[in-house]
Amino acid sequence: MTVAVNSRTHVRRAGLGRRGMTLVEVMIAIVIMSGAMISLARFGGRFEHTTAKANDMSLASDLAVLRIEQVKAYRVYASIVSTFNNVTETYTTDPVYKNFTRMTVAARCSGCPTSTNDYVTVTVTVTGRSLVSPIAKTTIIAVF
């Protein structure tokens with residue numbers, strides 16, 4: 001009976017010999033976790049920047065489309081150019097479109113390429129905020 005107790009005690013002591021992690025193992029775990037956290041923070045920053053840039057591009061596109069639709073809905077064909085050519089608007093106080101600038105250029109091409117053709121080309125360009133290059137939308141309106 002004493003043999004069994006001694007073997008159990010020996011087994012228990014062998015299991016109790018190592019109860020935690022060594023300093024080297026803890027340091028390696030900290031280095032791995034630090035690398036993962038730095039990578040996650042870097043990804044978060046890039047994600048936020050890309051999302052803000054895409055949002056600005058979407059808002060700029062909306063501004064351009066709004067003006068194009070406004071010109072399309074304009075009823076007096078003969079005065080489209082005089083009404084919309086070289087019109088520049090800068091949004092300084094608008095909470096949604098703040099710091100955007102929208103420029104509209106309208107050019108009438110009467111007789112291009114033949115004398116029976118008559119149309120107006122309208123180009124709307126939006127710049128500002130984080131846009132790397134301006135957003136431009138163009139439409140052609142024929143005489144009606």
Side-chain angles (χ1 to χ4, degrees), residues 4-5 7-144:
V5 172
S7 65
R8 283 186 187 158
T9 307
H10 180 65
V11 171
R12 283 186 192 157
R13 284 187 187 156
L16 298 176
R18 184 173 168 160
R19 291 194 144 204
M21 298 174 65
T22 65
L23 182 60
V24 173
E25 291 172 332
V26 170
M27 290 175 64
I28 289 173
I30 289 173
V31 167
I32 291 171
M33 291 299 292
S34 297
M37 295 304 287
I38 289 171
S39 297
L40 185 62
R42 220 181 272 159
F43 170 77
R46 280 194 310 246
F47 181 77
E48 182 180 348
H49 175 73
T50 303
T51 303
K53 206 163 123 180
N55 185 47
D56 287 350
M57 288 177 66
S58 177
L59 288 173
S61 181
D62 287 348
L63 267 178
V65 168
L66 285 171
R67 175 50 58 100
I68 291 286
E69 293 302 319
Q70 183 183 14
V71 173
K72 284 181 179 179
Y74 194 72
R75 294 281 181 191
V76 185
Y77 176 78
S79 64
I80 289 177
V81 174
S82 62
T83 305
F84 294 103
N85 191 32
N86 291 326
V87 175
T88 302
E89 300 163 301
T90 301
Y91 297 87
T92 55
T93 59
D94 188 288
V96 176
Y97 299 113
K98 189 174 183 177
N99 297 327
F100 280 115
T101 300
R102 176 173 69 183
M103 184 173 137
T104 307
V105 176
R108 186 172 182 179
C109 185
S110 182
C112 306
T114 64
S115 62
T116 59
N117 294 337
D118 187 9
Y119 59 89
V120 174
T121 303
V122 180
T123 302
V124 180
T125 307
V126 179
T127 58
R129 283 199 192 168
S130 67
L131 296 178
V132 176
S133 59
I135 301 293
K137 304 280 184 185
T138 301
T139 190
I140 297 175
I141 302 170
V143 66
F144 48 91

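- Considering every non-hydrogen atom in both Ser82 and Ser79, the closest pair reads OG-O, 3.1 Å.
- By the 4.5 Å heavy-atom criterion applied to side chains, Tyr97 and Leu66 are counted as neighbours.
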Passes side chain to side chain contact (heavy atoms under 4.5 Å, CB included), Thr139 versus Val71? Steps please. CA-CA 9 Å; Thr139 190; Val71 173; 5.5 Å; no
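- Rounded to the nearest 0.5 Å, atoms OG1 (Thr90) and CE (Met103) are 11.0 Å apart.
- We find the CG-CG distance between Asp56 and Asn99 to be 9.5 Å, quoted to the nearest 0.5 Å.
- The structure places OG1 of Thr92 at 8.0 Å from NZ of Lys98, a figure rounded to the nearest 0.5 Å.
- Rounding to the nearest 0.5 Å gives a distance of 9.0 Å between NZ of Lys137 and CG of Asp62.
- Val96 places none of its side-chain heavy atoms less than 4.5 Å from the side chain of Tyr91.
- Taking each heavy atom of Pro134 and Thr127 in turn, the nearest pair found is CB-CG2, 3.5 Å.
- When side chains are defined from C-beta on, Arg108 counts as touching Asp118, because their heavy atoms get closer than 4.5 Å.
- Remark: the backbone N or O of Phe47 is paired with a side-chain donor or acceptor of Thr51 at under 3.5 angstrom.
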Please step through side chain to side chain contact (heavy atoms under 4.5 Å, CB included) for the pair Arg67 and Val87, ending with a clear verdict. CA-CA 11 Å; Arg67 175 50 58 100; Val87 175; 3.9 Å; yes
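- Using bins of under 30°, 30° to 60° and over 60° for the plane-to-plane angle, the ring pair Phe84/Tyr74 lands in the perpendicular bin.
- Using a 4.5 Å heavy-atom threshold, the side chains of Leu63 and Glu89 count as separate.
- In terms of heavy atoms, Ser130 sits closest to Ala52 at OG-O, 4.3 Å.
- The two residues Val120 and Ala106 come nearest to each other via the heavy atoms CG1-CB, 4.2 Å.
- Across all their heavy atoms, Ile141 and Tyr77 have their closest contact at O-CE1, 3.6 Å.
- Results of the side-chain contact (heavy atoms from CB on, under 4.5 Å) test with Val26 over Ile28, Ile30, Thr22 single out Ile30 as the only residue that passes.
- Using a 4.5 Å cut-off on side-chain heavy atoms (C-beta onward), Val105 and Asn85 make contact.
- The minimum heavy-atom distance linking Ile135 with Ala60 is given by the pair CG1-CB, 3.7 Å.
- No donor-acceptor distance shorter than 3.5 angstrom exists from the side chain of Ser61 to the backbone of Met57, with no hydrogens or angles considered.
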Applying side chain to side chain contact (heavy atoms under 4.5 Å, CB included), run through Lys53 and Val132 and close with a yes or a no. CA-CA 9 Å; Lys53 206 163 123 180; Val132 176; 4.2 Å; yes
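- Here the OG1 atom belonging to Thr125 is positioned 11.5 Å from the CG atom belonging to Leu131, to the nearest 0.5 angstrom.
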